[in-house]
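Down below is the structure, laid out as structure tokens.
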Amino acid sequence: MFLLLLSILGAERPGSKRRLRPGEGKLGQERLQQLAARRACRPIAQRASCVAERGYWLGGMSASEDPNAAMKTYEHPLVARYSTKEMSLIFSPFNKFVTWRKLWIALARAEKELGVDISDEQIQAMEANVDNIDWALAEAKEKEFRHDVMAHVHTFGAACPIAKGIIHAGATSCYVGDNTDLIQMREALSLLRRKLVQLLDVMRQFAVEHKDLPTLGFTHYQPAQLTTVGKRCCLWMQELYLDLEEVERLIDWLPMRGVKGTTGTQASFLDLLGGDHDKVKQLNDKVCLAMGFSRAIPVSGQTYTRKIDFMVLSALSGIGQSATKMCGDIRLLANLKEIEEPFGKKQIGSSAMAYKRNPMRSERCCSLARHLMTLVTSAGQTAANQWFERTLDDSAVRRIILPEAFLAADVIVGLLTNITDGLQVWPNVIRSHVLAELPFMATENILMECLKHGGDRQELHEAIREASMEAGRVVKERGEPNDLLERLQKDSRFAAVHDSLSDLVDPSKFTGRASQQVDEFLGACIAPAIARNVVSLSVESIDKVEV
């Protein structure tokens, strides 16, 4: 037991030859720097593998000697298992810190134009090194300063020494931090817009193909008046169409934080620009335009109002709600064997029940959407708990919820596209379910037709009631098909409709305006939405959702 404890703690065993710990000696230091650089460059999903290289001591051996070391560090399944490369790139360390550098360049350029002593050579040096990041140095500096922004100020300065004295001039950490968050959110919203448009286009084709196929409607999950498969798809589409509209609105509306200073008063910039208020306003405008924004938030403390985060995550939560509604319906229809999601040739539904064909893609959508919908609560709590001009209790939670919300929403939209593109409809099963319930629904039509031929309304109504009760008993007690129509066919009181009975119960006569509503909805809403984003249809995703 004593030796095991020593082993876990990484201590030397009695009589054993001491091994150098990782980082000891000159070569060890160089190796650590190389590893830090590699770690920072890697996507978050791959960082777990670096545990072996970092040299943790486990069970008496260094992690570099432990074949299981990479599996002993938690990795986030949202990143490692589900996320796409495109959305991951937006929230990657590389994109984040390159954006910081672009913001410092935009600030320096604007300050120079307004009279601050900054040379063209300094700006050119910064531009030449915008993505030349010494990750090992940045990590070392952050450990030294305990401040990520200052770590990268010094790292950028080391890459372009001529400019190090003017990097971050007049700015506070939130100049790069908050503005980058807004830039990333706008980029991520644009990616979601593209994928939502592609999803709606696939769903449009499905709705058109099945707009005339009658199917049972359900209220309270009990059989109700008929609708069509295409019309039901339009119900799902309408939810996602509203989500698209909100995403588009946010892209157009989203402001930049801009150039605000430590408490939002712009005092440092007023000093830097010789007390010229107009120049400070021009500085703010110039930086916003350089970063592709038409405006900045009117007032702020040190940070932009966290209510913006809440608004953005509310829109993403809406996507989760739409997905849950759609996939919930598909899961219920799969149980009825009316509609099924794609199923691979080698796919296994159950480790025990080999015959099973489970709607696992829809279930995954619902599961991810459930997580997505919870994140907006954290955003609301964070917005509510910001004290005065700023408080740092927003930092850790925002590092988690902002990327997670977008990563989850992105996966969900991709899954919905995959599901819809391969959705399998079984018309004969749908028809059998319709015919099992239609006789009851058709009784009013039958009654009206008999009245036209002189029948007694009260007598006929009672005859239908009695026959319906008997037919219902046959279905429920014996498990046999609904025989109401056969009973009426044999009843002389309904002789007036015996020859037209099959026509009176044609399912297509019971779907109302469902087919027309499909055409109207697609024409009025979906077609214009796709037309204004038509370029999205020609853009292929870098990677497909793993299903």
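All values derive from a computational prediction rather than experimental measurement.
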Contacts of [X] that satisfy side chain to side chain contact (heavy atoms under 4.5 Å, CB included) - sequence neighbours left out:
X      : answer
His371 : Thr374, Leu375, Glu404
Ser536 : Arg194, Val197, Asn533
Ala323 : Ile412, Leu416
Gln489 : His498, Leu501

List the atom pairs, with distances to 0.1 Å, where a side-chain N or O of residues 421-432 and a protein N or O form a donor-acceptor pair under 3.5 Å, not counting sequence neighbours.
residue: Trp426; atom: NE1; partner: Glu340; partner atom: OE1; Å: 3.0
residue: Ser432; atom: OG; partner: Val429; partner atom: O; Å: 2.7

Is the cationic atom of Arg364 (NZ for Lys, CZ for Arg) positioned less than 6.0 Å from the six-membered ring centroid of Tyr82 and within 45 degrees of its normal?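 Output no; distance or angle outside limits.
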Student check: side-chain heavy atoms of [X] and [Y] closer than 4.5 Å:
X      : Y      : result
Thr324 : Met373 : yes
Arg306 : Val397 : no
Cys174 : Arg257 : yes
Asp243 : Gln321 : no
Phe406 : Met185 : yes
Arg331 : Glu341 : no

Please identify each residue that fulfils salt bridge (Lys or Arg N to Asp or Glu O under 4.0 Å) with Asp483, with sequence neighbours left out. Arg487
Please identify which of these residues, Asp393, Thr382, Asp181, meets the side chain to side chain donor-acceptor pair (under 3.5 Å) condition with Arg398.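 Passing option: Asp181.
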Would you give me the side-chain donor-acceptor pairs under 3.5 Å for residues 469-476, sequence neighbours excluded?
residue: Glu470; atom: OE1; partner: Arg473; partner atom: NH1; Å: 3.4
residue: Glu470; atom: OE2; partner: Arg473; partner atom: NH1; Å: 2.8

Kindly state each residue pair satisfying salt bridge (charged side-chain N to carboxylate O under 4.0 Å, His left out) with at least one member in residues 377-392, sequence neighbours excluded. Arg390-Asp394
Quick one: side chain to side chain donor-acceptor pair (under 3.5 Å) partners of Lys211, sequence neighbours excluded? Asp519
Sorted by chain and residue number, the side chain to side chain donor-acceptor pair (under 3.5 Å) partners of Asp456 (sequence neighbours excluded) come out as none
Minimal non-hydrogen separation, [X] against [Y], with atom names:
X      : Y      : answer
Ile419 : Pro342 : O-CD, 3.6 Å
Ile308 : Trp253 : CG1-CH2, 3.9 Å
Ile330 : Ser362 : CG2-OG, 3.6 Å
Gly328 : Cys366 : N-SG, 4.1 Å
Lys231 : Thr227 : CG-OG1, 3.3 Å
Tyr241 : Cys525 : CE1-O, 3.5 Å

At what distance, to the nearest 0.5 angstrom, does CG of Leu200 lie from CZ of Arg204? 9.5 Å
Can you tell whether the side chains of Asp66 and Lys72 come within less than 4.0 Å, N to carboxylate O?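 Looking at Asp66 and Lys72, the cut-off is met.
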Validation: residues 504-514 side-chain donor-acceptor distances under 3.5 Å, sequence neighbours left out:
residue: Asp506; atom: OD1; partner: Ser508; partner atom: N; Å: 3.2
residue: Asp506; atom: OD1; partner: Ser508; partner atom: OG; Å: 3.1
residue: Asp506; atom: OD2; partner: Ser508; partner atom: OG; Å: 3.0
residue: Thr511; atom: OG1; partner: Ser508; partner atom: O; Å: 3.3
residue: Arg513; atom: NH2; partner: Glu520; partner atom: OE2; Å: 2.4

Using the side chain to side chain contact (heavy atoms under 4.5 Å, CB included) definition, which of the options Leu244, Leu199, Ile526, Thr420 pairs with Met237?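 In the set Leu244, Leu199, Ile526, Thr420, the residue that makes a side chain to side chain contact (heavy atoms under 4.5 Å, CB included) with Met237 is Ile526.
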Keeping to residues at least two apart or across chains, list the ring-ring contact (aromatic ring centres under 6.0 Å, His included) pairs with something in residues 188-220. Phe206-His210, Phe218-Tyr221
Indicate the ring-plane relationship of Trp100 and Phe97, choosing parallel, tilted or perpendicular according to the 30° and 60° boundaries. perpendicular
